Amino acid sequence: MTVETAQRIKDAYGVKNVEIIHPDVKCKNFYIKKEGPSDYYLVVSRLEFYKKVDLAIEAFNRLGTRLIIVGNGSKKEQLQAMAAANIDFKSGLSKDEIAALYANCKAFIFPQQEDYGITALEANASGRPVIAYGKGGVLETMIPYNGNASQFTAVFFDSQTVDSLIEAINLLGTLNPDADFIRSHAEKFDESIFIKEIQTFIGTKFNASKVRRR
């Protein structure tokens, strides 16, 4: 859950306080490739238009750079029809195959606005930076590039346009991301942290209820 989701709950139900416990990413399923990335960028997504995969396709059609898109959805055929030869579609992959794609990509493309966005954290758990539309959950899960080339996990773009996305891709191309720093940041959202926070939350509420019953 994010601040954005918490505000929606407040608006819908009229509650004053909503405590946030971030969903987890299973870092043990991902790894850093020490030799450095391959030549492709990556999207892992449902293939629906609200996911804005079409925006990524338009940008990479123009760039001519290799893009791999992993996923299925009702718009798959339309998206494949608009993609140039430098864009590959994959589906039905195993957990290990997806982990390898994350570990070897130059960067992960996240063009949509999400309440949270687990896939961006999965990329970070693989030591890879994210190029993300700077709205929604990524504002809480990512460290944006602000001039420090060794301590960022994502480059944000400001508008969901091809030009804005390409500008962010080109900017990342001038940087040298620190894979270990990116991985360590993702570990703050690891499953183990999530379990501890849930246990603490439940314990606190249970103890408070016992006090009220006395």
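The shown structure was predicted, so the numbers you read here are calculated from the model rather than taken from an experiment.
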On a heavy-atom basis, which atom in [X] and which in [Y] lie closest, and how many Å separate them?
{"X": "Ser164", "Y": "Asp158", "value": "OG-N, 3.3 Å"}
{"X": "Phe108", "Y": "Ala123", "value": "CB-CB, 3.5 Å"}
{"X": "Tyr31", "Y": "Ala100", "value": "OH-CA, 3.3 Å"}
{"X": "Lys51", "Y": "Pro111", "value": "O-CG, 3.7 Å"}
{"X": "Val130", "Y": "Ala120", "value": "CG2-O, 3.5 Å"}
{"X": "Leu67", "Y": "Ala56", "value": "CD2-O, 4.1 Å"}

Checklist entry - Given Glu122 and Lys26, is the salt bridge (charged side-chain N to carboxylate O under 4.0 Å, His left out) satisfied, shown in steps? => result CA-CA 8 Å; Glu122 290 176 344; Lys26 293 177 175 57; over 6 Å; no
Checklist entry - So Phe60 and Tyr41, would you call those rings parallel, tilted or perpendicular, with 30° and 60° as cut-offs? => result tilted
Item to check | Evaluation steps, side-chain contact (heavy atoms from CB on, under 4.5 Å), between Ile69 and Leu79 | outcome: CA-CA 10 Å; Ile69 299 172; Leu79 293 169; over 6 Å; no
Does a side-chain heavy-atom distance below 4.5 Å link [X] with [Y]?
{"X": "Asn124", "Y": "Thr141", "answer": "no"}
{"X": "Leu172", "Y": "Phe152", "answer": "yes"}
{"X": "Arg46", "Y": "Lys75", "answer": "no"}
{"X": "Leu93", "Y": "Leu101", "answer": "yes"}
{"X": "Arg62", "Y": "Glu58", "answer": "no"}
{"X": "Val138", "Y": "Tyr133", "answer": "no"}
{"X": "Ile143", "Y": "Gln151", "answer": "no"}
{"X": "Leu121", "Y": "Met142", "answer": "yes"}

Give, for atom [atom1] of [X] and atom [atom2] of [Y], the distance between the pair rounded to the nearest 0.5 Å.
{"X": "Tyr145", "Y": "Leu171", "atom1": "OH", "atom2": "CG", "value": "6.0 Å"}
{"X": "Ser159", "Y": "Glu167", "atom1": "OG", "atom2": "CD", "value": "8.5 Å"}
{"X": "Asn170", "Y": "Leu165", "atom1": "CG", "atom2": "CG", "value": "9.5 Å"}
{"X": "Met82", "Y": "Ile57", "atom1": "CE", "atom2": "CD1", "value": "5.0 Å"}

Do the side chain of [X] and the main chain of [Y] share a donor and acceptor less than 3.5 angstrom apart?
{"X": "Gln112", "Y": "Val53", "value": "no"}
{"X": "Asn86", "Y": "Thr65", "value": "yes"}
{"X": "Asp190", "Y": "Cys27", "value": "yes"}

Next on the checklist: Apply salt bridge (charged side-chain N to carboxylate O under 4.0 Å, His left out) to residues Asp178 and Arg183 and explain how you reach the verdict.
Outcome noted: CA-CA 9 Å; Asp178 184 332; Arg183 166 77 185 198; over 6 Å; no
Out of curiosity, does [Y] fall in the hydrophobic cluster containing [X] (side-chain heavy atoms, cut-off under 4.5 Å, transitive links)?
{"X": "Tyr40", "Y": "Ile87", "answer": "no"}
{"X": "Phe181", "Y": "Ile32", "answer": "no"}
{"X": "Ile131", "Y": "Phe110", "answer": "no"}
{"X": "Ile109", "Y": "Val155", "answer": "yes"}
{"X": "Phe189", "Y": "Ile98", "answer": "yes"}

Next on the checklist: Tell me whether the count of non-hydrogen atoms from other residues, nucleotides or ligands lying under 6.0 Å of CD in Glu48 goes above 12.
Outcome noted: yes
Checklist entry - Has Asn176 got more than 12 heavy atoms of other residues, nucleotides or ligands less than 6.0 Å from its CG? => result no
Next on the checklist: Could you go through Arg66 and Asp88, starting from their C-alpha distance and side-chain angles, then the distance that decides it, and tell me whether this counts as salt bridge (charged side-chain N to carboxylate O under 4.0 Å, His left out)?
Outcome noted: CA-CA 8 Å; Arg66 190 177 175 208; Asp88 297 322; 3.7 Å; yes
